Amino acid sequence: MRVVSCLVAIAAVGWCADFRVADYGAKGDGKADDTAAIQKTIDAAAASGGIIVLKPGVYLSGALFLKSGTHLRLDEGVVIRGVQSLAGYPIMQTRVAGIEMKWPAALLNVYGQSGVKISGQGTIDGDGKIWWDKYWKMRREDYEPRGLRWASDYDCQRPRLIQIYNSSNVDLQGLRLERSGFWTVHICYSRKVTVDGVTIRNNIGGKGPSTDGIDVDSSSDVLVEHCDIECNDDAICLKAGRDSDGLRVNRPTEHVTIRDNTVRAGAAGVTFGSETSGGIHDVEVRRLYVLGSVSNGILFKSASTRGGTVENIVIHDMDIQDVHVAIGVELNWNPSFSYAKLPEGTTNVPDYWRVLLTPVPPELGLPHIRNVQISGIHAAGAGRAFAVRAYADSPLQNFTFRDLDIAAKVAGSIQNAEDWKFTNTRIQAADGSHVSVKDSRGVTGLTD
């Protein structure tokens, strides 16, 4: 009877019994390492499809691996805090900043699984300052002086907070995520993923480098909604591989909906790139609120070695306040990071450096952005309305803008555009400037 009733429960609500981590030896006292006890609970729940439950407390843990058919429920007062030793995060095959390589597991991992839920009002805390300090020390004191800025992000291993890799039917709901050592939520090679009502706070106790909020990476059928994000890099970012490795994998990010989110701090409200090699298409962004300490409202970025096509993008109904740039496109993004060059006399080159150093033929390297619709944008207090630049050999094609109302210090510029149509556009520049259009054709309807 127990088996039958359990199966009925699974069919009805997706999970069966509660599995309590305390029963498997977890302390939750903020001192003991509870990794093994929590993992035992997850493994037990996976055998019958169950809910992993933690009583209020602070659970120190290394990498945890959720299994198909399980639900990790973090109630209010529950904190899972990452241990501060890399030994707690096994090295695994994954993708990092656009290339496939081995890297430490995240604090929470959904790796090759299906039907997983992580929800509740509890907190997942990466306790990331030790990783932030490690990165800045390596980059500033060692790598930048040697001309290796491009390698520092790959060499300085830092745990992500949540990794969803090669998985499907995964739900993240209502969590508080804070102080990630690296990217916060990384969705890679996955499909049918929902991130709903998540709060991200990565600027507690400092500003963590590369602490992206939510990265959708060569994945499909993804929904990101009702999230509140404060980070120190891209808040909601769509990616699809870097350079030769991304072109080899050739896997797009597609069919993504981003709606009803708030971004309070970060590099951009929504970002496309810079990893564009596999292509990004069929994306809708609506009702995005970008407030305060954010560099860009909307940002497209790539590099001359990335390749890939970004197309069929619809962005509408955004409120943007006090950003540096309201709408930005930069296809020569951050050259010291984007273009790997080996300093003379360098020896002992890791395999993944060789991947990064692999030349990309010019005909494959230029990225393409086309068929973009942007409407219903209200921006106040911007530094610049437009900062747009592409390549003469790969102009930005077929952009349509409707119902824009942007107040900025400077109107800014558009370069390398083709067939851009503006309707009902109002640009107010405090310095009296007008949008400068250069090396473009077919740009119509732009008024100030």
Side-chain angles (χ1 to χ4, degrees), residues 9 13-35 37-42 44-45 49-67 69-84 106-110 115-129 159-164 170-181 184-185 193-205 208 211 213-214 223-231 235 260-265:
V13 300
W15 292 275
C16 184
D18 289 354
F19 290 78
R20 301 185 180 279
V21 298
D23 295 340
Y24 292 82
K27 303 298 183 184
D29 60 4
K31 299 177 182 178
D33 187 333
D34 286 323
T35 309
I38 299 173
Q39 190 63 55
K40 285 180 182 178
T41 315
I42 293 169
I51 304 173
I52 300 99
V53 179
L54 298 79
K55 66 180 182 181
V58 177
Y59 296 82
L60 292 183
S61 181
L64 298 169
F65 296 87
L66 278 296
K67 303 293 180 65
T70 59
H71 175 188
L72 176 63
R73 196 183 78 204
L74 305 183
D75 296 330
E76 187 173 357
V78 173
V79 178
I80 296 179
R81 180 170 295 156
V83 298
Q84 294 192 322
L107 179 53
L108 291 187
N109 300 270
V110 182
V116 174
K117 184 174 182 177
I118 308 170
S119 72
Q121 300 305 310
T123 297
I124 304 171
D125 177 8
D127 202 4
K129 192 173 187 301
R160 290 158 289 183
L161 207 62
I162 298 176
Q163 174 187 206
I164 300 169
V170 179
D171 291 332
L172 306 181
Q173 295 184 5
L175 306 162
R176 179 181 172 92
L177 311 177
E178 62 185 38
R179 299 195 297 174
S180 181
T184 309
V185 178
V193 177
T194 296
V195 183
D196 182 3
V198 166
T199 298
I200 296 176
R201 294 290 183 267
N202 280 332
N203 290 344
I204 299 172
T211 53
I214 300 167
L223 171 62
V224 178
E225 62 180 351
H226 309 129
C227 296
D228 189 316
I229 302 172
E230 184 177 280
C231 62
D260 299 305
N261 298 285
T262 299
V263 176
R264 301 180 187 277

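One is the number of the first residue; the rest follow in order along the sequence. Given the structure is predicted, the values throughout are model-derived calculations rather than measurements.
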Heavy atoms only: give me the nearest Pro159-Ser180 pair and the separation to one decimal.
O-OG, 4.2 Å

For the CD atom on Gln121, are there more than 12 heavy atoms of other groups (residues, nucleotides or ligands in this structure) within a distance under 6.0 Å?
no

Report the distance from atom NZ of Lys117 to atom CG of Leu172, rounding to the nearest 0.5 Å.
10.5 Å

Using atom types as modelled and distance alone, determine if a side-chain donor or acceptor of Gln84 lies under 3.5 Å from a backbone N or O of Asp127.
yes

Heavy atoms, side chains only, cut-off 4.5 Å: are Leu74 and Leu54 in contact?
yes

How many angstroms lie between atom CG of Leu60 and atom NZ of Lys31, to the nearest 0.5 angstrom?
10.5 Å

Side-chain contact test, heavy atoms from C-beta onward, threshold under 4.5 Å: evaluate it for Val21 versus Asp34 and give yes or no.
no

Identify the two heavy atoms, one from Glu225 and one from Asn261, that lie closest to each other, and give their separation to 0.1 Å.
C-OD1, 3.3 Å

CD1 (Ile214) and CD1 (Ile229) are apart, to the nearest 0.5 Å, by 4.0 Å

Does the side chain of Thr211 come within less than 4.5 Å of Ile200's, by heavy atoms?
no

What closest approach, in Å, do Tyr24 and Ala44 show between heavy atoms, and which atom pair accounts for it?
OH-CB, 3.3 Å

Pair Thr123, Asp125 - check side chain to side chain donor-acceptor pair (under 3.5 Å), show working.
CA-CA 6 Å; Thr123 297; Asp125 177 8; over 6 Å; no

Give the C-alpha distance, both sets of side-chain angles, the deciding distance and a yes or no for side chain to side chain donor-acceptor pair (under 3.5 Å) between Asn109 and Gln163.
CA-CA 5 Å; Asn109 300 270; Gln163 174 187 206; 2.9 Å; yes

In Leu161, Thr199, Leu107, the residue satisfying side-chain contact (heavy atoms from CB on, under 4.5 Å) with Leu177 is Leu161

Dump the intermediate steps for side-chain contact (heavy atoms from CB on, under 4.5 Å) on Gln39 and Lys67, then the final yes or no.
CA-CA 10 Å; Gln39 190 63 55; Lys67 303 293 180 65; 4.3 Å; yes

Can you confirm whether Val195 sits close enough to Cys227 that some side-chain heavy atom of one is under 4.5 Å from a side-chain heavy atom of the other?
yes

Considering all heavy atoms, the nearest Ala26-Ala37 contact:
N-CB, 3.4 Å

Minimum heavy-atom separation for Gly213 and Cys231, please, with both atom names.
N-SG, 3.8 Å

To the nearest 0.5 Å, what is the distance between CG (Leu175) and CD1 (Ile118)?
7.0 Å

All side chain to side chain donor-acceptor pair (under 3.5 Å) counterparts of Lys27, not counting sequence neighbours
none

Interatomic distance, Leu108 atom CG to Ser61 atom OG [nearest 0.5 angstrom]:
7.5 Å

Quick one, Glu230 with Glu178, criterion side-chain contact (heavy atoms from CB on, under 4.5 Å). Give me CA distance, side-chain angles, the key distance, then yes/no.
CA-CA 9 Å; Glu230 184 177 280; Glu178 62 185 38; over 6 Å; no

Is there side-chain contact between Ile42 and Phe65, with at least one heavy-atom pair below 4.5 Å?
no

Working for side-chain contact (heavy atoms from CB on, under 4.5 Å), residues Ile164 and Val116:
CA-CA 10 Å; Ile164 300 169; Val116 174; over 6 Å; no

Where Lys55 and Val78 come nearest, the two heavy atoms and their spacing:
O-CG2, 3.6 Å

In the structure I gave you, are the side-chain heavy atoms of Ile52 and Thr70 within less than 4.5 Å of one another anywhere?
yes

Are the side chains of Arg201 and Arg264 in contact, using a 4.5 Å heavy-atom criterion?
yes

Stepwise side-chain contact (heavy atoms from CB on, under 4.5 Å) check, Leu64 with Thr35:
CA-CA 7 Å; Leu64 298 169; Thr35 309; 4.1 Å; yes

